Amino acid sequence: MNFKRLLSILFVFLGVGCASSQKSDIHLLREIILYNLHYRRPPQIGARFSAEPVESDFESKPKPDSKFDCEPLKSLFTGIDLAAVRQCLDSVNESGKPKKILYKLKREITPFLKLNEDKETPTCFQKVLQVLPVPREIYFQALEGGKLSCYNSRIPIVAEEVLGISNYFYSTQVNVDFPLQDLPEEDEETILLLSTWVMAPFFNNGSYLESKIVTRSLCSACFGGKGLFQETDTLPPFWP
């Protein structure tokens, strides 16, 4: 399977948010290195940046570990039966007929994509791909102005429903369109494909990712002290 083609796929999603002026420290990135991306998805709310030292949410409880609770992106799919996923994708793709699978982002403390089921939803998606975990925060590398830097981006944790009514301004959907051009044949390829689905909500209107530059030392700590690319290295394909 052609990895460059797989990494070039950005599954269309609809993301709507409140309009605001761009801050000077926000960088709008259109391509990132997905290969060594690390994520945070702790089961508790983190510290509040504007909190004072005397306030209860001044620091996270419990405190992050030495890697800031970061994990490589592939570990996000540890509990998913990847072989069953490939069988499901093969069966849906086999007909060759256009089909759209819809997911909705649930902005919980540990966010996830929830399958939007209807009468045409394939049974195998309901069994093995009903829920996909999504990172709450990511650390990654990207080229900007010819310079390789480390970046951080987050998904705001907000209630998507108020009194049972969907909040339009924070609704994010991910559409997976069939037939797929390429199908994964191994676990690594399956993880790469699923990674593009769960990373889609980070891209505003499918075009750019709002992020902030972080120090290389912070990025290195998140990556466990290894895995960072140098500008002189041969870099993997950028995504999307």
Side-chain angles (χ1 to χ4, degrees), residues 3-11 13 15 17-42 46-50 59-60 63-77 105 107 111 133-157 172 174 188 191-240:
F3 278 88
K4 290 186 177 180
R5 289 177 64 187
L6 176 58
L7 286 174
S8 70
I9 298 173
L10 174 62
F11 291 87
F13 70 96
C18 298
S20 61
S21 58
Q22 182 186 344
K23 297 180 180 179
S24 59
D25 61 341
I26 297 296
H27 297 255
L28 306 181
L29 302 176
R30 297 188 181 278
E31 290 185 328
I32 68 173
I33 297 177
L34 189 64
Y35 179 81
N36 63 345
L37 182 146
H38 279 56
Y39 74 93
R40 297 185 71 248
R41 196 172 180 262
R48 182 166 55 90
F49 290 122
S50 58
E59 63 181 18
S60 301
K63 293 182 180 180
D65 60 21
S66 60
K67 297 192 301 178
F68 300 103
D69 298 328
C70 289
E71 297 289 343
L73 187 58
K74 65 180 181 180
S75 69
L76 194 64
F77 310 105
L105 176 65
R107 297 174 183 271
V134 173
R136 193 168 86 199
E137 183 177 2
I138 56 175
Y139 288 82
F140 58 94
Q141 292 180 279
L143 275 175
E144 189 177 27
K147 182 179 179 181
L148 184 66
S149 299
C150 287
Y151 297 85
N152 165 269
S153 185
R154 304 181 180 194
I155 286 182
I157 301 174
T172 300
V174 176
E188 183 180 3
I191 288 172
L192 282 172
L193 179 61
L194 295 179
S195 296
T196 67
W197 297 9
V198 302
M199 282 297 299
F202 282 86
F203 278 78
N204 192 336
N205 295 323
S207 58
Y208 59 83
L209 186 155
E210 293 188 7
S211 57
K212 294 185 177 182
I213 288 182
V214 297
T215 63
R216 189 175 180 87
S217 60
L218 176 57
C219 216
S220 179
C222 175
F223 281 38
K226 58 184 179 180
L228 283 177
F229 289 106
Q230 307 288 337
E231 291 189 354
T232 54
D233 291 337
T234 300
L235 301 178
F238 284 79
W239 178 81

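Note that this is a predicted model, so its numbers are computed, not measured.
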Legend entry - Spacing of CZ belonging to F223 relative to CZ belonging to F140, to within rounding of 0.5 Å: 9.5 Å

Inset, instruction - Establish, from distance only, whether the side-chain atoms of Y39 and S75 form a donor-acceptor pair under 3.5 Å. - result: yes

Legend entry - Separation between OG1 of T196 and CG of L34, rounded to the nearest 0.5 Å: 8.0 Å

Inset, instruction - Would you give the length of the straight line joining atom CZ of F238 to atom CG of L29, rounded to the nearest 0.5 angstrom? - result: 10.5 Å

Legend entry - Test item: R107 side-chain N/O and I155 main-chain N/O as donor-acceptor pair under 3.5 Å: no

Legend entry - Rounded distance (nearest 0.5 Å) linking atom CD1 of I138 with atom CG of N152: 7.5 Å

Legend entry - Donor-acceptor contact present, side-chain R30 to main-chain S207, <3.5 Å: yes

Legend entry - Smallest separation among heavy atoms of R216 and Q230, with atom names: NH2-NE2, 2.8 Å

Inset, instruction - Please confirm whether the backbone N or O of P42 pairs with a side-chain atom of D69, one donor and one acceptor, at under 3.5 Å? - result: no

Legend entry - Minimum heavy-atom distance W239-A200, with the two atoms named: CH2-N, 4.4 Å

Legend entry - Which atom of L148 lies closest to which atom of Q141, heavy atoms considered: CD2-NE2, 3.8 Å

Legend entry - Student check: side-chain heavy atoms of L28 and L209 closer than 4.5 Å: no

Legend entry - Inter-residue atom distance F202.CZ - I32.CD1, 0.5 Å rounding: 9.0 Å

Inset, instruction - Taking the side chain as every heavy atom from C-beta outward, state whether P236 and I33 have any atom pair closer than 4.5 Å. - result: yes

Inset, instruction - Check I191 against S195 and note the closest heavy-atom contact, atom names and distance. - result: O-OG, 2.6 Å

Legend entry - Taking every non-hydrogen atom, the tightest pair across P133 and V198: O-CG1, 3.3 Å

Legend entry - Considering all heavy atoms, the nearest L228-C219 contact: CD2-SG, 4.0 Å

Legend entry - Side-chain H-bond candidate by donor/acceptor type, E71 with H38, under 3.5 Å: no

Inset, instruction - Kindly write out the residues that satisfy salt bridge (charged side-chain N to carboxylate O under 4.0 Å, His left out) with E137, not counting sequence neighbours, or none if the list is empty. - result: R40, R154

Legend entry - Euclidean distance, L76 CG relative to M199 CE, rounded to 0.5 Å: 10.5 Å

Legend entry - Beyond-backbone contact of L192 with Y35, side-chain heavy atoms, under 4.5 angstrom: no

Inset, instruction - Measure the shortest side-chain to side-chain distance between K212 and H27 over non-hydrogen atoms and say whether it is less than 4.5 angstrom. - result: no

Legend entry - Side chain proximity check, F229 to N36, heavy atoms < 4.5 angstrom: yes

Inset, instruction - Using atom types as modelled and distance alone, determine if a side-chain donor or acceptor of T172 lies under 3.5 Å from a backbone N or O of P201. - result: no

